[in-house]
Structure formats: C-alpha cells, structure tokens
2 protein chains.
Amino acid sequence: MPRILDAAARDRAVIDAAWQVIAREGITALTVRRVAAQAGLAPSSLRYTFPSQAVVREKAIIAVSEHLSGRVAALPAGLTGRAWARAALLELLPLDQQRRLEMEVFLAFGMAALADETLQPLWNATDAVVRDVCARAIEAAKGEAAGGEAGPHLDRLHALVDGLAFHLLVRPDQQDGWAQTVIDRELDSLL
Amino acid sequence: MPRILDAAARDRAVIDAAWQVIAREGITALTVRRVAAQAGLAPSSLRYTFPSQAVVREKAIIAVSEHLSGRVAALPAGLTGRAWARAALLELLPLDQQRRLEMEVFLAFGMAALADETLQPLWNATDAVVRDVCARAIEAAKGEAAGGEAGPHLDRLHALVDGLAFHLLVRPDQQDGWAQTVIDRELDSLL
DNA sequence: TTCTTTTCCGTACGACTGTGCGACTAAAGG
DNA sequence: CCTTTAGTCGCACAGTCGTACGGAAAAGAA
C-alpha cells in the first residue's frame with residue numbers, strides 16, 4: 001500500500017476549494033474542473049475521492065452544518081442563559097470571513113435546492129441545525145421558565161436570523177454593531 | 001414595414017419565460033436556449049430582441065422591481081396608516097404563485113449578484129424598492145409622529161421581510177397565517 | 001406584380017461541461 | 001531485485017453553452 005492518502009485532509013481541502021469557488025464565482029461555477037484547479041489537483045485526481053459533481057455538492061453542504069454545529073458546541077462553557085443565546089446566534093451570522101463563507105454557501109445551496117430536489121434533504125438538515133440553535137437560544141434566553149408555545153417565537157427568530165445573514169452578505173456597507181443590536185433587541189422582546 | 005412586432009408584448013413574454021425557467025430549474029438553467037424554448041421561440045429569434053444572455057438577465061431582474069413597486073402602488077386608495085403598512089409588506093412576501101415567482105427570482109439574483117458584479121447595480125435597485133416599501137410602512141404604522149431615527153427599525157424590518165420571504169420559499173410546509181402573524185407583531189412592536 | 005424592410009431561424013464555431021477509461025507513477029511487501 | 005496496489009492523470013466522447021452570420025419568409029409600398 002503506497003502513498004497513503006489522508007482521506008480526511010483531502011476531503012477538507014476539496015470542500016474548502018468548493019466553498020472558495022462558490023464565494024468567488026457563484027454556485028453556477030461549482031464545476032469539477034474549477035474545484036480541482038482551486039484545490040491544486042487534476043480533475044481526474046479529484047474524481048478519485050469525489051467520483052461525481054453531485055458528491056462535491058453534497059459534501060460541501062454537509063460540511064456547512066458540521067461547521068455550524070461544531071462552532072456552537074465549542075462556545076465557552078461558562079456561557080449560560082442570555083449570554084449563551086447571544087453568542088450562539090452570532091455564530092449564525094456572517095460577521096467574519098469564515099462565517100461569511102459558510103453563510104454564502106448555505107444560502108446559495110438553499111436557493112439551489114429550490115430547483116434541485118436531490119439537494120433538499122441535505123440542505124434541510126443544515127437548515128434544521130440553524131433552527132435548532134435558534135430554538136435553544138430562545139430557551140436559554142427565557143430562562144428555566146420555558147415550555148409553552150415556542151412556535152411563533154421560533155419562526156420569527158429563525159426568519160430574522162436568516163434575513164440578517166442575507167443582508168450582511170449582500171449589503172456589507174453597514175456599520176459594525178448593527179446586526180448585534182438587532183439580535184439584542186430580539187432577545188429583549190422575548191421576555 | 002411588415003410583420004410589426006409588439007416589442008412590449010414580446011418583452012413580457014420572454015421575461016415571463018425567464019422567470020419560469022428560474023423558478024423551475026434554478027438560475028443555473030437561465031440559458032438562451034431554455035428561455036427561448038419556454039417562450040416558444042427559436043433561440044435565434046429570441047436574440048433579435050434580447051441580443052445576449054446578459055440582456056435577458058438584466059430585463060428579468062428589472063421586471064421584478066417594476067412588478068413590486070407597481071403592485072404596492074396599486075393598493076386600494078382607502079388604505080392608510082397601519083392597514084396600508086400591513087398590506088404593503090404582505091406584497092413583499094411570496095403568499096401566492098405570482099409573488100412566489102417574483103421573490104424566487106429576486107433572491108436568486110441576489111445570490112447571483114454576490115459573484116457577478118455586473119448584476120449588482122440592477123439588483124441593488126430592486127433591493128432599494130423593497131427597502132423603500134419597508135421605510136414607508138414604518139412611517140405609515142407610526143402615524144404622523146414619524147421622523148426620528150428610522151435606521152434600526154428599518155434595518156430590522158427589512159431583514160425580517162427578506163428572511164420571511166426566504167423561509168416561505170424554502171419551507172412551504174407552514175400553516176397559512178404564520179407570516180402575517182409575524183408581520184402584525186412587528187408592526188405592534190413599532191409603537 | 002416587384003421591391004423593400006422587418007422579423008425569423010438554421011447552421012456553425014469554439015469553449016466548456018460531466019464522465020469513462022486506461023496508462024502511468026510511486027511506495028511498501030516479498 | 002520484482003510484484004502489487006493506492007493514487008494520479010491524460011485523453012476522448014457526447015452534450016450544452018453563447019454567439020455570429022446569412023439566408024428565408026412575410027407583409028406593406030410601389
């Protein structure tokens with residue numbers, strides 16, 4: 001067995017290349033050849049671990065949900081209650097380059113999934129991660145006295161978070177603290 | 001001068017075809033050949049009035065802003081204050097097939113414009129229409145006593161409207177009055 | 001009728017796409 | 001040394017893309 005390939009590292013490199021291509025050229029440009037070029041591979045080499053374009057798409061969107069839930073799980077253990085809610089929700093917004101990349105891929109696939117039903121289960125799973133973070137943020141912010149009808153609050157917060165993410169991507173000429181302020185007011189309104 | 005072409009009717013037909021293609025197959029499939037087929041034209045005939053793919057894209061996104069502002073302007077004249085604000089904001093949500101089509105095209109171009117800077121001025125103009133409707137809704141809901149700092153409220157409402165639109169597209173399995181309820185609560189919170 | 005102008009469309013070209021296939025290379029076991 | 005095997009990659013095929021070009025068709029003007 002020669003030249004053992006670190007499959008996980010290869011996956012990470014290719015997925016990162018796919019994200020870069022999506023962010024720079026749009027999801028239309030997510031082609032085997034472009035991803036391979038971005039990753040520094042020959043297209044035929046890329047196909048050794050990603051046998052088809054569909055696999056590239058699938059792993060790229062799955063990686064978004066893994067990154068999101070991983071980052072929320074890695075929040076400082078000391079955070080509780082409203083502080084945790086605030087920090088968790090901010091992990092869902094494109095407030096730095098890394099989060100911007102993730103949200104760009106997330107929303108691009110969300111629109112793509114509208115027309116490509118093979119993408120829907122994967123994207124819905126990622127969407128469910130976001131929704132779950134929102135739900136836990138509501139619980140945390142409300143304190144122990146939770147329960148009741150979380151439906152309207154959750155729908156509203158979830159829509160607001162995705163709307164904020166979209167606006168931060170598409171209208172980056174905002175002053176810095178804007179989105180945080182909106183989140184803070186939303187948390188206030190929960191009480 | 002033979003066979004006089006109704007340029008406006010042709011434009012409408014082609015733009016509608018482009019919208020249908022985007023809604024059914026995604027913005028990746030917005031090709032000259034597919035739009036022509038959807039419009040019942042030969043690709044070469046389409047190019048007589050739409051000389052390039054870029055023109056198709058441009059007219060398709062411009063038409064969104066025209067439809068949106070036209071529909072808001074056509075609201076019953078009797079509506080004022082909060083009732084007008086509610087009705088105007090609901091025109092920005094995909095609550096029927098026509099509005100769904102418009103918002104699907106609007107958001108698809110919004111993501112596409114992230115990677116195609118030639119699309120940005122046109123999409124920003126459409127975004128400005130949405131934002132203007134939000135601003136006027138805030139004024140109307142607040143009553144005559146307007147002025148002051150509309151900034152945070154506007155940013156928040158605008159993000160909420162686009163987030164609601166996105167969620168209605170992508171998670172259509174909601175009970176009916178959900179989005180209206182969210183809008184009503186948002187209008188309440190303005191007072 | 002013939003002309004003239006507008007509209008339509010068939011055809012072709014080069015570029016790019018996803019994918020299949022087979023040859024090649026490099027390293028570990030014998 | 002040779003063999004085996006995981007990994008790399010060149011090449012080719014068929015399909016689609018945007019676009020250019022030139023001729024056919026249609027209808028009012030003469």
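We use all heavy atoms of the structure for the numbers below, so side chains are in, but hydrogens, waters and symmetry mates are not. First the proteins, then the strands, lettered A, B, ... as listed; each starts at 1.
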Has B:H158 got a side-chain atom pairing as donor or acceptor with B:L154's backbone, closer than 3.5 angstrom? no
Rounded off to whole Å, could you give me the [atom1]-to-[atom2] distance for the [X] and [N] pair?
{"X": "B:L5", "N": "C:dC8", "atom1": "CG", "atom2": "C1'", "answer": "10 Å"}
{"X": "B:F50", "N": "C:dC9", "atom1": "CZ", "atom2": "P", "answer": "15 Å"}
{"X": "A:D116", "N": "C:dG18", "atom1": "CG", "atom2": "C1'", "answer": "15 Å"}
{"X": "A:I4", "N": "D:dT4", "atom1": "CD1", "atom2": "C1'", "answer": "15 Å"}
{"X": "A:L46", "N": "D:dG7", "atom1": "CG", "atom2": "P", "answer": "14 Å"}
{"X": "B:R34", "N": "D:dC17", "atom1": "CZ", "atom2": "C1'", "answer": "10 Å"}

I'd like to know if [X] and [Y] make a salt bridge, using a cut-off of under 4.0 Å between side-chain N and carboxylate O.
{"X": "A:R136", "Y": "A:D132", "value": "yes"}
{"X": "B:D162", "Y": "B:R131", "value": "no"}
{"X": "B:R82", "Y": "B:D188", "value": "yes"}

Within the structure shown, what part of the strands sits under 4.0 Å from A:S45 by heavy-atom distance: base, sugar-phosphate, or nothing? base
Heavy atoms only, 4.0 Å cut-off, all strands: where does B:S52 land among base, sugar-phosphate and nothing? sugar-phosphate
Consider the side chain of A:A42, meaning its heavy atoms from C-beta on, and name the nucleotide among C:dG18, D:dG18, D:dC9 that approaches it most closely. D:dC9
Quick one: is C:dT7 close enough that its OP1 or OP2 comes under 4.0 Å of any side-chain N or O from B:R10? no
Does C:dC8 have its OP1 or OP2 closer than 4.0 Å to a side-chain nitrogen or oxygen of B:Y48? no
If you define the side chain from C-beta out and look only at heavy atoms, does anything of A:L89 sit under 4.5 Å from A:C134? yes
If each of B:R33 and A:Q53 is mapped to the nucleotide of DNA chain C with the nearest heavy atom, which maps nearer the 5' terminus, i.e. the 5' end? B:R33
With the criterion being N/O to N/O and under 3.5 Å, what pairs connect the protein with nucleotides 21-25 of chain D, and how long is each?
{"from": "D:dA25", "atom 1": "N3", "to": "B:R3", "atom 2": "NH2", "distance (Å)": "3.0"}

Where at least one partner belongs to residues 13-37 of chain B, residue pairs that pass salt bridge (Lys or Arg N to Asp or Glu O under 4.0 Å), sequence neighbours excluded: B:E25-B:R34
The complete set of ring-ring contact (aromatic ring centres under 6.0 Å, His included) pairs with one or both residues in residues 76-100 of chain B, sequence neighbours excluded, reads none
Using the ring-ring contact (aromatic ring centres under 6.0 Å, His included) rule, collect all pairs that involve residues 50-81 of chain A, keeping only residues at least two apart or in two chains. A:W19-A:H67
Donor-acceptor pairs under 3.5 Å, side chain of residues 103-121 of chain A to any protein atom, not counting sequence neighbours: which ones?
{"from": "A:D116", "atom 1": "OD1", "to": "A:T118", "atom 2": "N", "distance (Å)": "3.1"}
{"from": "A:D116", "atom 1": "OD1", "to": "A:T118", "atom 2": "OG1", "distance (Å)": "2.8"}
{"from": "A:Q120", "atom 1": "NE2", "to": "A:A113", "atom 2": "O", "distance (Å)": "3.0"}

Stem list, DNA chain D (Watson-Crick or G-U pairing under 3.5 Å, at least 3 consecutive pairs): C:3-28 with D:3-28
